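For ligands, and for the atoms within them, numbers begin at 1 and follow the listed sequence. Predicted model only: the values in this text are computed from it and were never measured. Numbers here simply count residues along the sequence, with the first being 1.
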Amino acid sequence: MQVVRTISELRALRGAAAPLVGLVPTMGALHDGHLSLVRRAREECETVIGSLFVNPTQFGPNEDFSRYPRDEERDLGLFERDGTDIVFAPSVDEMYGGTPATTVTLGGIAERLEGAKRPGHFDGVATVVTKLFNIVQPDRAYFGQKDAQQLRVIRTFVRDLDIPVEVVGCPTVREPDGLALSSRNVYLDDDHRAQALSLSRGLDRATAALEDGVRDAETLRRLVLDEIEAQPLAEIDYVSLADSGSLEEFEGDVTGEVVLSMAVRFGATRLIDNVTLTS
Ligand code: AMP
(Lines give C-alpha, C1' and ligand atoms only; values in the text may rest on other atoms or scores of the structure.)
Protein backbone atom coordinates (compact mmCIF):
# COMPACT_ATOMS: atom_id res chain seq x y z
CA MET A 1 0.00 0.00 0.00
CA GLN A 2 1.29 3.43 -0.90
CA VAL A 3 0.48 6.53 1.13
CA VAL A 4 0.64 9.86 -0.68
CA ARG A 5 0.05 13.36 0.60
CA THR A 6 0.11 15.52 -2.51
CA ILE A 7 -2.24 15.82 -5.47
CA SER A 8 0.65 15.45 -7.94
CA GLU A 9 1.86 12.19 -6.35
CA LEU A 10 -1.68 10.83 -6.36
CA ARG A 11 -2.16 11.77 -10.02
CA ALA A 12 1.08 10.02 -10.97
CA LEU A 13 -0.03 6.78 -9.26
CA ARG A 14 -3.56 7.11 -10.62
CA GLY A 15 -2.22 7.43 -14.14
CA ALA A 16 -0.48 4.08 -13.84
CA ALA A 17 -3.28 2.33 -11.89
CA ALA A 18 -5.20 -0.59 -13.34
CA PRO A 19 -8.87 0.12 -14.12
CA LEU A 20 -11.43 -0.13 -12.54
CA VAL A 21 -10.43 2.35 -9.88
CA GLY A 22 -12.61 2.50 -6.75
CA LEU A 23 -12.46 5.41 -4.30
CA VAL A 24 -13.50 5.24 -0.63
CA PRO A 25 -13.52 8.75 0.88
CA THR A 26 -13.28 8.91 4.70
CA MET A 27 -12.44 11.28 7.50
CA GLY A 28 -10.54 8.51 9.29
CA ALA A 29 -11.12 7.07 12.78
CA LEU A 30 -11.98 3.99 10.76
CA HIS A 31 -14.50 1.42 11.95
CA ASP A 32 -16.18 -1.54 10.36
CA GLY A 33 -18.66 0.74 8.53
CA HIS A 34 -15.82 2.41 6.62
CA LEU A 35 -14.09 -0.91 6.12
CA SER A 36 -17.22 -2.49 4.66
CA LEU A 37 -16.88 0.10 1.88
CA VAL A 38 -13.20 -0.76 1.40
CA ARG A 39 -14.02 -4.49 1.19
CA ARG A 40 -16.81 -3.85 -1.29
CA ALA A 41 -14.46 -1.75 -3.43
CA ARG A 42 -11.82 -4.51 -3.16
CA GLU A 43 -14.32 -7.06 -4.48
CA GLU A 44 -15.43 -4.89 -7.38
CA CYS A 45 -12.35 -2.92 -8.47
CA GLU A 46 -8.83 -3.55 -9.70
CA THR A 47 -7.38 -0.59 -7.79
CA VAL A 48 -8.71 0.60 -4.43
CA ILE A 49 -7.89 4.14 -3.32
CA GLY A 50 -8.89 5.30 0.16
CA SER A 51 -8.79 8.90 1.27
CA LEU A 52 -8.16 10.16 4.76
CA PHE A 53 -9.02 13.82 5.25
CA VAL A 54 -10.89 15.54 8.06
CA ASN A 55 -12.48 18.22 5.90
CA PRO A 56 -12.68 21.50 7.81
CA THR A 57 -15.20 23.09 5.44
CA GLN A 58 -17.98 20.67 6.34
CA PHE A 59 -17.83 21.52 10.05
CA GLY A 60 -19.69 24.50 11.47
CA PRO A 61 -17.92 26.99 13.77
CA ASN A 62 -19.34 25.34 16.91
CA GLU A 63 -18.86 21.76 15.73
CA ASP A 64 -16.22 19.18 16.58
CA PHE A 65 -13.56 19.73 13.88
CA SER A 66 -10.71 20.29 16.32
CA ARG A 67 -11.62 17.35 18.55
CA TYR A 68 -12.70 14.97 15.77
CA PRO A 69 -10.95 11.63 16.53
CA ARG A 70 -7.70 11.21 14.58
CA ASP A 71 -5.39 8.19 14.57
CA GLU A 72 -3.63 8.00 11.24
CA GLU A 73 -1.33 5.11 12.08
CA ARG A 74 -4.22 2.88 13.08
CA ASP A 75 -6.27 3.96 10.04
CA LEU A 76 -3.43 3.15 7.65
CA GLY A 77 -3.07 -0.31 9.22
CA LEU A 78 -6.79 -1.00 8.71
CA PHE A 79 -6.82 0.33 5.14
CA GLU A 80 -3.87 -1.95 4.36
CA ARG A 81 -5.34 -4.99 6.13
CA ASP A 82 -8.51 -4.78 4.02
CA GLY A 83 -6.72 -4.47 0.70
CA THR A 84 -6.37 -0.77 -0.09
CA ASP A 85 -3.72 -0.08 -2.75
CA ILE A 86 -3.26 3.67 -2.29
CA VAL A 87 -4.20 6.04 0.54
CA PHE A 88 -4.48 9.74 -0.23
CA ALA A 89 -3.96 11.66 3.03
CA PRO A 90 -3.50 15.33 2.13
CA SER A 91 -3.01 18.26 4.51
CA VAL A 92 -5.61 21.02 4.72
CA ASP A 93 -3.15 23.26 2.90
CA GLU A 94 -2.75 20.76 0.06
CA MET A 95 -6.53 20.70 -0.44
CA TYR A 96 -7.38 24.35 0.21
CA GLY A 97 -4.16 26.33 -0.27
CA GLY A 98 -4.24 29.24 -2.70
CA THR A 99 -7.40 30.95 -1.36
CA PRO A 100 -10.10 29.01 -3.22
CA ALA A 101 -13.04 31.05 -4.55
CA THR A 102 -15.26 28.18 -5.69
CA THR A 103 -17.82 26.15 -3.74
CA VAL A 104 -20.21 23.48 -4.94
CA THR A 105 -23.63 24.45 -3.52
CA LEU A 106 -26.88 22.55 -3.92
CA GLY A 107 -30.41 23.76 -3.33
CA GLY A 108 -33.43 21.49 -2.80
CA ILE A 109 -32.57 18.31 -0.96
CA ALA A 110 -29.39 19.80 0.54
CA GLU A 111 -31.41 22.49 2.34
CA ARG A 112 -33.55 20.10 4.41
CA LEU A 113 -32.78 18.02 7.54
CA GLU A 114 -29.00 18.02 8.05
CA GLY A 115 -28.69 20.99 5.70
CA ALA A 116 -31.16 23.02 7.78
CA LYS A 117 -29.51 22.09 11.08
CA ARG A 118 -25.91 22.40 9.84
CA PRO A 119 -25.76 25.44 7.52
CA GLY A 120 -22.95 25.11 4.99
CA HIS A 121 -22.33 21.44 5.82
CA PHE A 122 -23.33 20.07 2.42
CA ASP A 123 -21.46 22.86 0.60
CA GLY A 124 -18.36 21.55 2.36
CA VAL A 125 -19.18 17.93 1.55
CA ALA A 126 -20.07 18.58 -2.10
CA THR A 127 -16.97 20.71 -2.64
CA VAL A 128 -14.51 18.26 -1.08
CA VAL A 129 -16.06 15.24 -2.79
CA THR A 130 -15.98 17.07 -6.15
CA LYS A 131 -12.30 17.84 -5.55
CA LEU A 132 -11.59 14.21 -4.62
CA PHE A 133 -13.39 13.06 -7.78
CA ASN A 134 -11.32 15.46 -9.89
CA ILE A 135 -8.07 14.49 -8.19
CA VAL A 136 -8.58 10.71 -8.16
CA GLN A 137 -10.87 10.34 -11.21
CA PRO A 138 -12.29 7.07 -9.90
CA ASP A 139 -14.56 4.84 -11.95
CA ARG A 140 -16.60 4.10 -8.84
CA ALA A 141 -16.93 5.77 -5.45
CA TYR A 142 -18.33 4.09 -2.35
CA PHE A 143 -20.46 5.81 0.28
CA GLY A 144 -22.53 4.61 3.24
CA GLN A 145 -26.30 4.79 3.56
CA LYS A 146 -25.62 5.71 7.20
CA ASP A 147 -25.33 9.24 5.80
CA ALA A 148 -28.48 8.93 3.71
CA GLN A 149 -28.89 12.60 2.83
CA GLN A 150 -25.19 12.94 2.00
CA LEU A 151 -25.51 10.01 -0.41
CA ARG A 152 -28.44 11.76 -2.14
CA VAL A 153 -26.55 15.04 -2.29
CA ILE A 154 -23.59 13.30 -3.91
CA ARG A 155 -25.76 11.47 -6.43
CA THR A 156 -27.44 14.78 -7.26
CA PHE A 157 -24.33 16.85 -8.02
CA VAL A 158 -22.73 13.93 -9.88
CA ARG A 159 -25.79 13.88 -12.12
CA ASP A 160 -26.14 17.68 -12.38
CA LEU A 161 -22.45 18.27 -13.16
CA ASP A 162 -22.07 15.19 -15.40
CA ILE A 163 -19.21 13.82 -13.32
CA PRO A 164 -18.19 10.47 -14.83
CA VAL A 165 -18.24 8.37 -11.67
CA GLU A 166 -20.56 5.61 -10.55
CA VAL A 167 -21.73 6.28 -6.99
CA VAL A 168 -22.24 3.06 -5.01
CA GLY A 169 -24.37 3.21 -1.84
CA CYS A 170 -23.57 0.59 0.81
CA PRO A 171 -25.69 -0.63 3.76
CA THR A 172 -25.28 0.73 7.29
CA VAL A 173 -23.10 -1.44 9.53
CA ARG A 174 -24.35 -1.73 13.12
CA GLU A 175 -23.16 -3.06 16.45
CA PRO A 176 -24.89 -6.32 17.45
CA ASP A 177 -27.23 -4.29 19.70
CA GLY A 178 -28.29 -2.02 16.81
CA LEU A 179 -26.16 1.10 17.33
CA ALA A 180 -24.98 2.36 13.93
CA LEU A 181 -21.19 2.48 13.80
CA SER A 182 -19.86 6.04 13.83
CA SER A 183 -16.49 7.61 14.50
CA ARG A 184 -18.32 9.81 17.02
CA ASN A 185 -19.45 6.81 19.13
CA VAL A 186 -16.09 6.99 20.97
CA TYR A 187 -17.34 10.19 22.64
CA LEU A 188 -20.32 8.41 24.26
CA ASP A 189 -20.08 7.47 27.93
CA ASP A 190 -21.91 4.35 29.18
CA ASP A 191 -25.19 6.16 29.92
CA HIS A 192 -25.18 7.97 26.59
CA ARG A 193 -24.40 4.78 24.74
CA ALA A 194 -27.22 2.85 26.44
CA GLN A 195 -29.69 5.63 25.65
CA ALA A 196 -28.41 5.98 22.08
CA LEU A 197 -29.88 2.54 21.38
CA SER A 198 -33.26 4.32 21.31
CA LEU A 199 -32.43 5.53 17.76
CA SER A 200 -32.26 2.08 16.20
CA ARG A 201 -35.09 0.84 18.45
CA GLY A 202 -37.27 3.67 17.17
CA LEU A 203 -36.39 2.82 13.57
CA ASP A 204 -37.22 -0.84 14.24
CA ARG A 205 -40.57 0.03 15.83
CA ALA A 206 -41.59 2.23 12.93
CA THR A 207 -40.42 -0.38 10.43
CA ALA A 208 -42.53 -3.04 12.15
CA ALA A 209 -45.56 -0.72 12.28
CA LEU A 210 -45.24 0.06 8.58
CA GLU A 211 -45.04 -3.67 7.87
CA ASP A 212 -48.22 -4.07 9.94
CA GLY A 213 -49.99 -1.60 7.69
CA VAL A 214 -49.66 1.68 9.62
CA ARG A 215 -49.43 4.44 6.99
CA ASP A 216 -50.02 7.67 8.88
CA ALA A 217 -46.78 9.68 8.92
CA GLU A 218 -47.44 11.37 12.26
CA THR A 219 -48.18 8.01 13.93
CA LEU A 220 -44.97 6.54 12.56
CA ARG A 221 -42.87 9.57 13.59
CA ARG A 222 -44.52 9.43 17.04
CA LEU A 223 -43.36 5.81 17.56
CA VAL A 224 -39.77 6.96 17.04
CA LEU A 225 -40.18 10.13 19.13
CA ASP A 226 -41.65 8.12 22.04
CA GLU A 227 -38.57 5.87 22.15
CA ILE A 228 -36.13 8.75 22.10
CA GLU A 229 -38.06 11.17 24.31
CA ALA A 230 -38.08 8.46 27.03
CA GLN A 231 -34.28 8.89 27.28
CA PRO A 232 -33.43 11.64 29.79
CA LEU A 233 -30.09 12.52 28.16
CA ALA A 234 -31.38 12.70 24.57
CA GLU A 235 -31.95 16.06 22.87
CA ILE A 236 -33.71 15.63 19.56
CA ASP A 237 -32.64 17.79 16.58
CA TYR A 238 -35.24 16.22 14.30
CA VAL A 239 -37.11 13.03 13.50
CA SER A 240 -38.14 12.97 9.87
CA LEU A 241 -40.29 10.75 7.69
CA ALA A 242 -39.72 11.98 4.17
CA ASP A 243 -40.04 11.00 0.55
CA SER A 244 -36.90 9.14 -0.39
CA GLY A 245 -36.32 11.17 -3.56
CA SER A 246 -37.23 14.74 -2.58
CA LEU A 247 -36.70 14.41 1.21
CA GLU A 248 -39.94 16.35 1.66
CA GLU A 249 -41.82 15.51 4.87
CA PHE A 250 -44.90 13.37 4.57
CA GLU A 251 -48.19 14.60 5.96
CA GLY A 252 -51.02 12.07 6.08
CA ASP A 253 -50.37 8.64 4.59
CA VAL A 254 -46.91 7.69 3.34
CA THR A 255 -46.52 6.21 -0.14
CA GLY A 256 -43.68 4.71 -2.14
CA GLU A 257 -40.10 4.70 -0.85
CA VAL A 258 -39.65 6.67 2.35
CA VAL A 259 -36.65 7.55 4.48
CA LEU A 260 -37.03 7.71 8.22
CA SER A 261 -34.15 9.63 9.76
CA MET A 262 -33.11 11.46 12.88
CA ALA A 263 -30.40 13.49 14.55
CA VAL A 264 -30.12 13.35 18.33
CA ARG A 265 -27.61 14.88 20.72
CA PHE A 266 -26.24 13.14 23.77
CA GLY A 267 -24.19 15.77 25.56
CA ALA A 268 -21.82 17.22 22.95
CA THR A 269 -22.18 14.20 20.67
CA ARG A 270 -24.60 14.39 17.78
CA LEU A 271 -25.71 11.06 16.31
CA ILE A 272 -27.64 10.42 13.10
CA ASP A 273 -29.35 7.28 11.89
CA ASN A 274 -31.90 6.32 9.24
CA VAL A 275 -33.66 3.54 7.43
CA THR A 276 -35.19 3.44 3.97
CA LEU A 277 -38.58 1.72 3.77
CA THR A 278 -41.08 0.90 1.09
CA SER A 279 -44.70 1.37 2.07
P1 AMP B 1 -16.92 9.62 7.43
O2 AMP B 1 -15.53 9.21 7.77
O3 AMP B 1 -17.82 9.75 8.62
O4 AMP B 1 -16.98 10.80 6.49
O5 AMP B 1 -17.54 8.41 6.60
C6 AMP B 1 -16.91 7.94 5.43
C7 AMP B 1 -17.86 7.03 4.72
O8 AMP B 1 -18.19 5.91 5.56
C9 AMP B 1 -19.18 7.69 4.34
O10 AMP B 1 -19.56 7.28 3.05
C11 AMP B 1 -20.12 7.16 5.40
O12 AMP B 1 -21.48 7.14 4.98
C13 AMP B 1 -19.58 5.76 5.59
N14 AMP B 1 -20.02 5.21 6.88
C15 AMP B 1 -19.89 5.79 8.10
N16 AMP B 1 -20.47 5.02 9.05
C17 AMP B 1 -20.96 3.93 8.41
C18 AMP B 1 -21.68 2.76 8.84
N19 AMP B 1 -22.00 2.55 10.12
N20 AMP B 1 -22.02 1.85 7.90
C21 AMP B 1 -21.71 2.05 6.58
N22 AMP B 1 -21.04 3.12 6.12
C23 AMP B 1 -20.68 4.05 7.02
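In terms of N/O distances under 3.5 Å, ligand 1 is not approached by Lys146. Of the N or O atoms in Pro25, none lie within a sub-3.5 Å distance of an N or O in ligand 1. Geometrically, ligand 1 and Asp147 share a nitrogen or oxygen pair separated by less than 3.5 Å. Where the criterion is an N or O separation shorter than 3.5 Å, residue side chain and backbone included, Ala180 fails it with respect to ligand 1. The shortest N or O to N or O distance between Leu181 and ligand 1 is under 3.5 Å. Checked by distance only, ligand 1 and Met27 come closer than 3.5 Å through their nitrogen or oxygen atoms.
Salt-bridge annotation for Arg40 and Glu43: absent, with no side-chain N of the basic residue lying under 4.0 Å from a carboxylate O of the acidic one. By the 4.0 Å N-to-carboxylate-O rule, Asp189 lies too far from Arg193 to be salt-bridged with it. In summary, Arg265 and Asp237 engage in a salt bridge, as defined by a charged side-chain N under 4.0 Å from a carboxylate O. Salt-bridge annotation for Asp32 and Arg39: present, with a side-chain N of the basic residue lying under 4.0 Å from a carboxylate O of the acidic one. A salt bridge does not link Arg155 with Asp160: every distance from a Lys NZ or Arg NE/NH1/NH2 to an Asp or Glu carboxylate oxygen is 4.0 Å or more. A salt bridge between Arg205 and Asp226 is absent, with no side-chain N of the basic residue lying under 4.0 Å from a carboxylate O of the acidic one.
By the 4.0 Å heavy-atom criterion, Pro171 is counted among the residues contacting ligand 1. Ligand 1 is never approached by Gln145 to a heavy-atom distance shorter than 4.0 Å.
Phe88 has its ring centre no less than 6.0 Å from the ring centre of Phe53.
If you look at Leu151 next to ligand 1, there are no close heavy atoms at all, none under 4.0 Å.
Nearest non-hydrogen protein atom to atom 22 (N) of ligand 1 is Gly144 CA, 3.6 Å. Protein heavy atom closest to atom 20 (N) of ligand 1, with residue, atom name and distance, is Val173 N, 2.8 Å. Atom 8 (O) of ligand 1 has His34 CD2, 3.4 Å as its closest protein atom, hydrogens excluded (heavy atom only).
Counting only heavy atoms from C-beta outward, the side chains of Asp85 and Phe79 never approach each other to under 4.5 Å. Val4 is not listed as a side-chain neighbour of Val87, based on a closest heavy-atom distance of 4.5 Å or more.
Of all the atoms in ligand 1, the ones that sit under 4.0 Å from a non-hydrogen atom of Phe143 are 10 (O). The atoms of ligand 1 that sit less than 4.0 Å from any heavy atom of His31 are 15 (C), 16 (N), 17 (C). For ligand 1 and Leu37, the ligand atoms under 4.0 Å from any heavy atom of the residue are 7 (C), 8 (O), 10 (O), 13 (C).
In this structure a side-chain-to-backbone donor-acceptor pair under 3.5 Å is present from Arg14 to Val136.
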